[in-house]
Structures are given as structure tokens and as C-alpha cells.
Amino acid sequence: MGTPDNGEVTAQPVPDRRQAMSLVCEALTTIIPDLQPGTLHERQELDVDLGLDSLSLARLLIDLEGKLGVQLMDEYLMDIDLVTVADLVDMVERSAPSATK
């Protein structure tokens, strides 16, 4: 997020499903370097299929926070289930800053 000289905060637009999937894919390939982006699909489970453990998931969430320009609150994260890639994409769609200010 940038702050123009007039002091207003510029919000990033809310991503559509394809853009959210792209962000998730980019973050996952950062955490799992040998992951082939073309093989990633929404039904894959983060732990069983992709091998993410709790530390990898924490790193992934930090990376997504940076890409989205938001801070994910612990209370929010405790209330959602992050089991599949689709769950991450849903989270990105809900967590992205609103395009309207």
C-alpha cells in the first residue's frame, strides 16, 4: 500500500478468484521451491498433498500478509479452517483490502 503526498491511503483492489489463486500459488512456490505451479489445484490439501507443517503454514500466511498488505488477526485465523488450497484462496478473497475507501 502506498501513501500519496496528500496523506490518503491507496487501497489495493480486491482480487477476483483467478488473481487470488495466483497470489496463493506465488506464495506456495516461495515456501515450497520445488512446487510446479501448473500442478497446483484447489482441492489439494495443504498438509497431506503439499507437505506443509505448522511452521510452513505460518511462513505462508506471513508471505500472503505481505502480498496483500494486510495483517491477519490471530482471532480470525483461529476461526477458519485452512485445509485445502481453496481455503487459502477463499481467505485471500475475504482478507484483501476493499477497493473503496
Side-chain angles (χ1 to χ4, degrees):
M1 278 181 7
T3 305
D5 292 337
N6 64 5
E8 292 181 19
V9 174
T10 305
Q12 300 171 355
V14 176
D16 63 22
R17 188 82 180 170
R18 183 184 51 78
Q19 293 168 325
M21 181 64 175
S22 179
L23 281 172
V24 167
C25 183
E26 185 179 324
L28 281 167
T29 55
T30 299
I31 303 303
I32 310 168
D34 59 340
L35 179 67
Q36 299 299 318
T39 64
L40 194 63
H41 59 82
E42 291 194 23
R43 292 184 310 269
Q44 287 176 301
E45 292 188 11
L46 301 174
D47 58 352
V48 175
D49 297 322
L50 301 178
L52 290 182
D53 58 16
S54 58
L55 180 59
S56 299
L57 183 58
R59 289 177 51 214
L60 176 69
L61 293 173
I62 290 167
D63 190 65
L64 284 170
E65 284 179 328
K67 289 180 184 340
L68 292 169
V70 298
Q71 182 177 3
L72 300 171
M73 304 307 287
D74 291 339
E75 297 81 19
Y76 169 72
L77 293 172
M78 291 175 60
D79 287 340
I80 62 173
D81 289 324
L82 293 175
V83 177
T84 65
V85 172
D87 295 332
L88 280 175
V89 174
D90 292 341
M91 183 198 70
V92 166
E93 287 180 313
R94 287 190 307 268
S95 300
S98 173
T100 59
K101 182 91 174 111

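Along the sequence shown, residues are numbered consecutively beginning with 1. Scope of the values below: all heavy atoms of this structure, side chains included, with no hydrogens, waters or symmetry mates.
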Donor-acceptor pairs under 3.5 angstrom involving side-chain atoms of residues 70-88: please list them, not counting sequence neighbours.
{"residue": "Tyr76", "atom": "OH", "partner": "Arg94", "partner atom": "NE", "Å": "3.3"}
{"residue": "Tyr76", "atom": "OH", "partner": "Arg94", "partner atom": "NH2", "Å": "3.3"}
{"residue": "Thr84", "atom": "OG1", "partner": "Ala86", "partner atom": "N", "Å": "3.3"}
{"residue": "Thr84", "atom": "OG1", "partner": "Asp87", "partner atom": "N", "Å": "3.2"}
{"residue": "Thr84", "atom": "OG1", "partner": "Asp87", "partner atom": "OD2", "Å": "3.3"}
{"residue": "Asp87", "atom": "OD2", "partner": "Val83", "partner atom": "N", "Å": "2.8"}
{"residue": "Asp87", "atom": "OD2", "partner": "Thr84", "partner atom": "N", "Å": "2.9"}

Worksheet item: Taking only residues two or more places apart in sequence, or in another chain, which ones meet Ser54 in a side chain to side chain contact (heavy atoms under 4.5 Å, CB included)?
Response: none
Discussion item. Looking at every non-hydrogen atom in both residues, tell me the closest pair between Leu35 and Pro37 and how far apart they are.
Written reply: O-CD, 3.4 Å
Discussion item. Please list all pairs meeting salt bridge (charged side-chain N to carboxylate O under 4.0 Å, His left out) that have one or both residues in residues 47-61, counting only residues at least two apart or in different chains.
Written reply: none
Worksheet entry | Atom pair CG (Leu60) and CG (Leu55), whose distance is rounded to the nearest 0.5 Å | 11.5 Å
Worksheet entry | With sequence neighbours excluded, residues passing salt bridge (charged side-chain N to carboxylate O under 4.0 Å, His left out) with Arg17 | Glu42, Asp90, Glu93
Return a table of donor-acceptor pairs under 3.5 angstrom between the side chains of residues 22-33 and protein atoms on other chains or two or more places apart.
{"residue": "Glu26", "atom": "OE2", "partner": "Lys67", "partner atom": "NZ", "Å": "3.2"}
{"residue": "Thr29", "atom": "OG1", "partner": "Cys25", "partner atom": "O", "Å": "3.1"}
{"residue": "Thr29", "atom": "OG1", "partner": "Glu26", "partner atom": "O", "Å": "2.9"}
{"residue": "Thr30", "atom": "OG1", "partner": "Glu26", "partner atom": "O", "Å": "3.0"}

Item to complete: Applying salt bridge (charged side-chain N to carboxylate O under 4.0 Å, His left out), name anything that partners Glu45, two or more places apart in sequence or on another chain.
Response: none
